[in-house]
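Working notes for the structure below.
Keep in mind that the numbers below use all heavy atoms, side chains included, and drop hydrogens, waters and symmetry copies. What you are looking at is a predicted structure, and each value in this text was computed from that prediction instead of being measured.
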Amino acid sequence: MNSFSKRVQKFRKNSFQTPKSIYLFGLFFALVITLKEVLNISDNNFQIFSFGSLDFWNDVNPYSDWSHLNKRGIPLDVFIYLPLFSILFTPFALLPSWLGAFCWNFFTYSLFYFSIFNLPDKYDFKNKKFIFFISCLLLFATILSMQFNPVVAAIFLLSYTLLEKKHSFWAILLICISGFTKVYGIFQLSMLIFYPKFWKNVLYTIGVSIVLFFAPLVRFNFTEMIDYYQSWIVSISDHSKMQIYYSIYRAVYSITPAINNFASKVSIVILFLIFAIGLYQQKRIRHSFVLRAQFLGILMSYTILFGLGSELHTYVIAMVGYAIWYIFIDKTSLDKVLLWINFFLLVIFPIDILCPVFISKFVLGKLHLGVIMFFITWCVMVYKSFYLSKTKAIEKKSDDL
């Protein structure tokens, strides 16, 4: 018994002490999850991505002429990604379905891992482990569904790291790729005001955006491309129903269904307010590594909390942002309590094997506690970062850019 106890203690002591061990731990679960989905022929999201990509090359409009069935003969959900996504996903779509599914999940997991463990040097190994492990259950859940969310989260982090290392062109390229595939990432452009050579970066953004916008010309003529984009806009408009998604608007909908008519306007106004605060405190944030990290966390959390199509699994993006913000604050008891409440509501409750479905549906779907608590947390994040007595950050000295 003592021998067994010693082995357990040795395992706990030596486990996850290197980036490689953590990568292999996550990769094992990612591949097992993928095998399960492939064997059960339930890789529906991968099929949606593949059909959307192949439709692009076969001159079929996936936004207005979608009639694909999954491998069990059931109609697949709609395809709502931008044309650039179809182009970039092509290598996966051309592979045999089972191999494409494995390659896709290997890619999304590896990119997510890489983006965390290559954060700037001011994030020590303990910080990076915290970010990875507090979000890994959500990561595995989104890998189970073969979704794009880990890539979106990774691009947020990679772009931020590149900006911190003064590689602004490559950061802007990644941000624009994210924006022209699933929109979410485009909000990160607001952070350019905190970095040097702002106007040069604006020119980079304009140039890259033009190239990516016109990328569908590899397949269409100009008129066809415009029609393609217009069909996407119509599809997105029809897809935005706040009562079925998990943004703060879900809770608002239970009070007034009219939120469906102006949720997008509210999100734009709140984004503008965040940007205005950042602009007002630009000098302070520009000279503070901590505040730039906190701004990133607030922005990533906003993207999902006020999103028009947020699902439970998209909170992998928000949770990563929240973890980054949490690392760089002077933690109070309230902060610690909120962290664990959000962890249980947003990470544990949505996972069927950890929480009975009827409980999660009641707590998250009926009472809306997940989005309500995260909204309260987000307000605390904004308050502590920008208004609480010059932000009681743990940073002892700032680094001028």
Carboxylate-amine/guanidinium proximity below 4.0 Å for K122 and E164:
no
N/O donor-acceptor pair under 3.5 Å between Y302 side chain and G297 backbone:
no
Is the distance from the ring center of Y280 to that of F386 below 6.0 Å?
no
Kindly state whether the ring of Y249 and the ring of Y245 have centres lying under 6.0 angstrom apart.
no
Considering all heavy atoms, the nearest R219-F56 contact
CG-O, 3.4 Å
Do the side chains of D55 and W66 get nearer than 4.5 Å, heavy atoms only?
yes
Between N118 and K128, do the side chains contain a donor N or O and an acceptor N or O under 3.5 Å apart?
no
For Y229 and F213, I'd like to know if the aromatic rings sit close, meaning centre-to-centre distance below 6.0 Å.
yes
Under 6.0 Å between ring centres, would you say that holds for F16 and F25?
yes
Verify, without hydrogens or angle tests, whether N70 (side chain) and I74 (backbone) share a donor-acceptor contact under 3.5 angstrom.
yes
I'd like to know whether the aromatic ring centres of F46 and F92 sit less than 6.0 Å apart in this structure.
no
Looking only at heavy atoms, what is the nearest atom pair of L192 and T205, with distance?
CD1-OG1, 3.7 Å
Looking only at heavy atoms, which two atoms of I348 and C355 are closest? And how far apart?
O-CB, 3.9 Å
Hey, does I304 have a side-chain heavy atom less than 4.5 Å from the side chain of Y184?
yes
Tell me whether the centres of the aromatic rings in Y109 and Y23 are closer together than 6.0 Å.
yes
For W325 and S301, which I'm curious about, is there any donor-acceptor pair between the side chains at under 3.5 Å?
no
Using a 6.0 Å cut-off, check whether atom NZ of K36 has over 12 heavy atoms from anything other than its own residue.
yes
If we only count heavy atoms from C-beta on, is the L27 to F106 side-chain gap below 4.5 Å?
yes
Validation row, ring centre F85 to ring centre F49 under 6.0 Å
yes
Would you confirm whether Y113, through its side chain, and P19, through its main-chain N or O, come within 3.5 Å as a donor-acceptor pair?
yes
For Q147, which of T108, T142, N105, T314 qualifies under side chain to side chain donor-acceptor pair (under 3.5 Å)?
T142
Is the NZ or CZ atom of R292 positioned over F289's six-membered ring, under 6.0 angstrom from the centre and within 45° of the axis?
no
Nearest 0.5 angstrom please: L94 CG to L99 CG, how far?
11.5 Å
Is the distance between the ring centroids of F306 and W378 less than 6.0 Å?
yes
With a 6.0 Å cut-off on the ring centroids, do F187 and F275 count as close?
no
Without swapping roles, check the side chain of S360 against the backbone of V357 for a donor-acceptor pair under 3.5 Å.
yes
Do side-chain atoms of Y228 reach the backbone of P216 as a donor and acceptor pair under 3.5 angstrom?
no
T256 (side chain) donor-acceptor with V252 (main chain) under 3.5 angstrom
no
I'd like to know whether CG of D121 has more than 12 heavy-atom contacts from other residues, nucleotides or ligands below 6.0 angstrom.
no
What distance separates Q188 CD from L163 CG, expressed to the nearest 0.5 Å?
6.5 Å
State, without any angle test, whether N201 and S168 hold a side-chain donor-acceptor pair at a distance under 3.5 Å.
yes
Please name the residue in the list F29, F132, F112 that meets the ring-ring contact (aromatic ring centres under 6.0 Å, His included) test with F140.
F29
Over all heavy atoms of both residues, which pair between S53 and S86 is shortest? Give the atoms and the distance, please.
OG-O, 2.6 Å
Taking 4.0 angstrom as the limit, do D43 and K71 come out as a salt bridge?
yes
Do F328 and Y123 have ring centroids that are under 6.0 Å from one another?
yes
Pair S21-T18, side-chain donor/acceptor within less than 3.5 Å
yes
Establish, from distance only, whether the side-chain atoms of T377 and N342 form a donor-acceptor pair under 3.5 Å.
yes
Is it true that the NZ or CZ of K331 lies under 6.0 Å from the centre of Y326's six-membered ring and within 45 degrees of the ring axis?
yes
Could you state the interatomic distance from OG (S247) to CZ (F375), rounded to the nearest 0.5 Å?
11.5 Å
Measure centre to centre between the rings of F295 and F194, then say whether the value is under 6.0 Å.
yes
